[in-house]
Every structure is written in structure tokens, then in C-alpha cells.
Amino acid sequence: MIYISDTLTKSKVPLETGQPNVVKMYVCGPTVYNYIHIGNARPMVVFDVFRRFLEFVGYKVVMAQNFTDIDDKIINQANEWGVDWKTVADTFIAECYHDAQLLGIRTANFHPRTTDFVEDIINAIAKMIDNDFAYVTPNGDAYFSVRKVNDYGRLSGKKLDELRSGARVDVNELKIDPLDFVLWKSAKPGEPVWNSPWGKGRPGWHIECSVMSQKLLGDMFDIHGGGEDLIFPHHEDEIAQSKALTGKPPARYWMHNGMIIARGDKMSKSLRNTFMVREAVRKFGKDGVRLFLLSKHYRSPMEFFDAPLDDSSKAAARVHATLYRFTEKYNYPLVPKYDEEMNDYQTRFIEALSDDFNTPVALSVLFNVVRELNKAMDDGNDERALKMYHLIKRVFGNMLGIFDGETDKVQRVESEEMQTLDTLIRGIIEMRNNFRKEKQYEMADKLRNLLGESKIRLVDTPEGTKYELY
RNA sequence: GGCGACGUAGCCAAGGGGUCAAAGGCGGAGGUCUGCAAAAUCUCUAUUCGAGGGUUCAAAUCCCUCCGUCGCCUCCA
């Protein structure tokens, strides 16, 4: 049984899906007006791994992640650059796919864009107006009446009257209640527009997710995920909208990941303390970044700074070296037969992830197996080595989306340049070994240092001298 | 102001009434291996879990107080 923390009930609950062995999951994606940063990447990686885990234990996962491709920030950005909104959106959707791919995030089954669903959104709003959950103001805005649904505020633990007294809510005389939120924004001059029964305008933010998730995953899917900053008002409003439309909340469970903190604040584009995914991958490697993101429980906020990223990067490199050591001997390792030890490690790994997706514990199992793989190779126990290799590379690595490349940062390209370099290095190694044979260690060490300065590390093994670039 | 989370070794981070003299990673010390290194491996590196009270046969784990950090309440993943 898999247990997850449900934001709505604030408790750890068993995952019981609508259809047996199928998990339908919707994860809120970014508004595309710039490159994605590490904060955007956390839910992407977390839910990517969660999905792989569910698949491993036998679920068929149907996953959707949206792009908000029309919004004030996109329009502002477009105006600033003197291009149209769609160019901005298209550009950063493309860049987002690029960065997601760099991070080894599998594409979801659906990546809906708001502007592809305007017709459905209009229909949904019309229905809410008909059923008296929403109203149109004289200027052509449409608003949702928050007080028409019961339990509004349950997800975020807020009480309507406390919110009102907070007086932080948008003061807008057109709204009947200050807490009402916009479903359709009437167009200001020069803004992109779509036609609607109540005038030219564009969809508000919350309605897109309700409409797209319902259309793609159905009235009540299993898991709705996203960053915890979306709990209020975004997800609260989605619940209200779905209840107005279908009489049901949109999802059975709500999973929220904690924020990435940088320099004392939440990482956010508007706070200018972002660290781009692209830069992080360049600096720490794909597996280093993923390992970092999985090193802390997904619900806790995590501080972003170099030291732990460096640690994760080193740990990833160590595992890569171990795997490389194995594949050097066995180019095409086949499938081992499971034994008690393998079952035991795998069970521990799965149990960790089954307990509210405890990735830090799962990683501890992984690192234990890495040590066992090294030991098996040290002992010359190839059969056991294959078993450990299989667990790391094909089972754990597969679920975590790591160790699927040759090495993390160092490329072992079969290019002509590499061939030349290889010949050169091998030549120097041979010279050094001749010096060693003649016990001229000073000369031998000189050559080793020379290579070391060029970031080439020599490793003397019983099978001869090897080298690696670092 | 309201709601919520957290404070565990040099750093990162699990655990969440007894099996914890507390997993794992990074770092550090020492051993094995090596001509020496490197890599790998082994041992050690928190008698203690922010501070102070309390409950209990038993607490890092439950309760209270205090100190500190952070999130949400506004666009945000």
C-alpha cells in the first residue's frame, strides 16, 4: 500500500485510485515568460520520480502538466520586448521543454496550453453563470462567488471572514465580495483578446486548470500536485470551480511540494533570486541536481546554495565511476536472477517511497547497494556484482531518473578529438609504466602530475593503468 | 495580525514513545591495498537530537513555555 500526505485532510492516507491500477495526476506547471529556475524544477522532478515509482509498482499513470501561456506577466514581457504575447509563450515553452529534457524529466501524457482551451473555458464560465455561481460585471469581467460554495478555505485552512479582515485582498468595487476571484478578464486596449458572450477578453488564471484537468483526466482524477504556494488561492479556487461545475472536487488527493529558498527568501522570478535550471545542470550535472532535489523530503522547504549541490554532484560522480568500473568489464550486462539480498534491498527501497514518497531513505538504500557493488567487484564476485549493478542502474536509477547517461559531467565522446587524446594519454601512460618498471619513480610521478594538471587522473589497477577525465 | 512548518554531527539530511550509544551523502582521522598516490574498502567521527520545564517504567519522538529560522495569507512551482 502506498501512503501519501494529503493537503486537504492534513494527514497521511492510503492511495486509493478511482480506477484500479490507474493513477491520474495533474501537476501545475509554470507560467511561461522566462526560463525555468530550480524552484520550478522541484515539482517537475519530484512528480516525475513519483510517476516512475508508481509505474514501477504496477500503476498505469496518466499525467498532465499545463503551461499557462496567457497572463499579465506574459503580456508585460511581450510589451517590454516589443513582440507579441504568443512569441513569448512559444519561446519559453520550447525552452522549458529543453530544460526539462536536460534534467531528465519525462514528458507528461498531456501538456495543455491555456489558449488551446478558451472555448471550453468559456463554456465552463457560462455554466457557472447559469447556475448562479458566477456573475458578470458591467465592464465585461466575470467573477466567481466564493460564498456560493461551502467549505471554501478548507484546503488552505482559511476562514472566509479572517481572510476578509486581512484586507490584503484586491479592492475592486465591481466584485460583490472582495474574495471573489476573476474567471474572465475583459480586455484593456491593446491586449490579446478572445470573444466571449460577455465581451472581448481572456481567461483568468484559476479556471484554466479546472477546465483542462477535467477535460483531459475527467471529473475526479486522483492526484493534484504543485508547489505549496499554489494552495491559496489557486487550488482553493480550483476546488470551488469544480464543485460549481460538477458538484465534486477535482481530485481525490492534493500533494504539495515545499519551496526552494535562496538567500533567505523563496526563489521567485519577481524576487530576482533565481538560479536557472540550465546553469545548475551545467555546474552540478543532471544527476547532481536531481540527487539534490531528492535528498530532502518533498514537502519540506529546502535551502538552495552551492555546498549541498556540490555534495550531491560528488556523490553522483562516485556512483557513475562505480557503474563505469562494472561496464568496463561487462559491456552488455544481462539480467540476473533475483535472490534474497536483491529482494531485500528492493523492498526497502519501495517501502521508503511507499511511505509518503520518502526519497532520502530510498537514496540511503541506493548508496548501500553502491557500496556492495564495489565490494563485490573488489572480491571478484561477478555474479553478485551484476545483481547490485542491476539494482542501481535498472531499478533504482530508473525510478529516480538518474544514472541513465554514460557519466554525469564528463563526456566520453567517441569523437576524433577524443581518439587523438586517448592515443596521447595511453602513450604517456606507457612511458610512465616503463619508468615505474625501472623504479624511476621521480619521472613516473612527474608524468602523473603532468596529466593531473590537465584534469586526467591515473588509476593503477591490477589490470593495468587506467585514466579518467574529471 | 491570522494560519502553518521546522530547529538532529563540521555541512546536507532521515527517524518521530522502547529494536536509536540516531540511516544515508559530503567532509575529516586512521588501517588495508599501492613504489608512492588515486580509486575501492574497513574502523572511527552526535552518550546526543534549539533551551527550560512536564507526562511516562521509558522521549530526539507526546504536552507546555521560551528562543531562533522559514512558508502561506498578494502574481508565484
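Throughout, a chain's letter reflects where its sequence line sits, starting with A, and its residues are numbered from 1.
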For a quick check, tell me whether the side chain of [X] and the base of [N] share a donor-acceptor pair closer than 3.5 Å.
X        : N      : answer
A/Asp445 : B/rG35 : yes
A/Arg299 : B/rC6  : no
A/Asp460 : B/rC36 : yes
A/Arg325 : B/rA39 : no
A/Arg348 : B/rG24 : no

Does [X] pair with [Y] as a salt bridge, N-O distance under 4.0 Å?
X        : Y        : result
A/Glu341 : A/Lys387 : no
A/Lys158 : A/Glu236 : no
A/Asp177 : A/Arg147 : yes

Check your understanding: Dot-bracket for RNA chain B: what is it, with Watson-Crick or G-U pairs under 3.5 Å, [ ] where a pair crosses earlier ones, and | for a pair to another strand?
Key -> (((((((..(((.....[.....)))((((((.......))))))....(((((..]....))))))))))))....
Atom [atom1], compared across [N] and [M]: separation rounded to whole Å:
N      : M      : atom1 : value
B/rA14 : B/rC57 : P     : 33 Å
B/rU19 : B/rC73 : P     : 42 Å
B/rU41 : B/rG24 : P     : 13 Å
B/rA9  : B/rG27 : C1'   : 12 Å

Taking any heavy-atom pair under 4.0 Å as a contact, classify [X]: base, sugar-phosphate, or nothing.
X        : value
A/Pro360 : base
A/Ile260 : base
A/Arg154 : nothing
A/Thr31  : sugar-phosphate
A/Asn358 : sugar-phosphate
A/Lys375 : sugar-phosphate
A/Gly29  : sugar-phosphate
A/Gly39  : base
A/Asn374 : sugar-phosphate
A/His297 : sugar-phosphate
A/Phe367 : sugar-phosphate

Rounded interatomic separation in angstrom, taking [atom1] from [X] and [atom2] from [N]:
X        : N      : atom1 : atom2 : value
A/Lys296 : B/rC6  : NZ    : P     : 10 Å
A/Arg448 : B/rG35 : CZ    : P     : 11 Å
A/Asp237 : B/rU74 : CG    : P     : 11 Å
A/Arg202 : B/rC75 : CZ    : P     : 13 Å
A/Leu363 : B/rC12 : CG    : P     : 17 Å
A/Ile231 : B/rC70 : CD1   : P     : 19 Å

Check your understanding: What about the rings of A/His206 and A/Phe144, do their centers lie closer together than 6.0 Å?
Key -> no
Point to revise | Given RNA chain B, 5'-ward residue of the pair A/Glu228 and A/Arg457, judged by closest heavy atom | key: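 Taking each residue's closest nucleotide, the earlier one in sequence belongs to A/Arg457.
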Check your understanding: Which residue lies toward the 5' end of RNA chain B, A/Phe292 or A/Asp355, if each is placed at its nearest nucleotide?
Key -> A/Phe292
**Study point:** Test side chain to side chain contact (heavy atoms under 4.5 Å, CB included) applied to A/Pro43 - qualifying residues, sequence neighbours left out
**Key:** A/Phe47, A/Asn257
Practice item. To the nearest 0.5 Å, tell me how far A/Leu216 CG sits from A/His111 NE2. Key: 11.5 Å
Exercise for review: Please name the pair of heavy atoms, one in A/Leu373 and one in A/Ala385, separated by the smallest distance, quoted to 0.1 Å.
Suggested key: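 What the structure gives for the nearest pair is CD1-O, 3.3 Å.
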Review point. Going by atom types only, do A/Arg371 and A/Asn368 share a side-chain donor-acceptor pair under 3.5 Å?
Key: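 There is such a pair (donor and acceptor under 3.5 Å, judged by atom type) between the side chains of A/Arg371 and A/Asn368.
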Review point. Partners of A/Asp222 by salt bridge (Lys or Arg N to Asp or Glu O under 4.0 Å), sequence neighbours excluded?
Key: A/Arg252
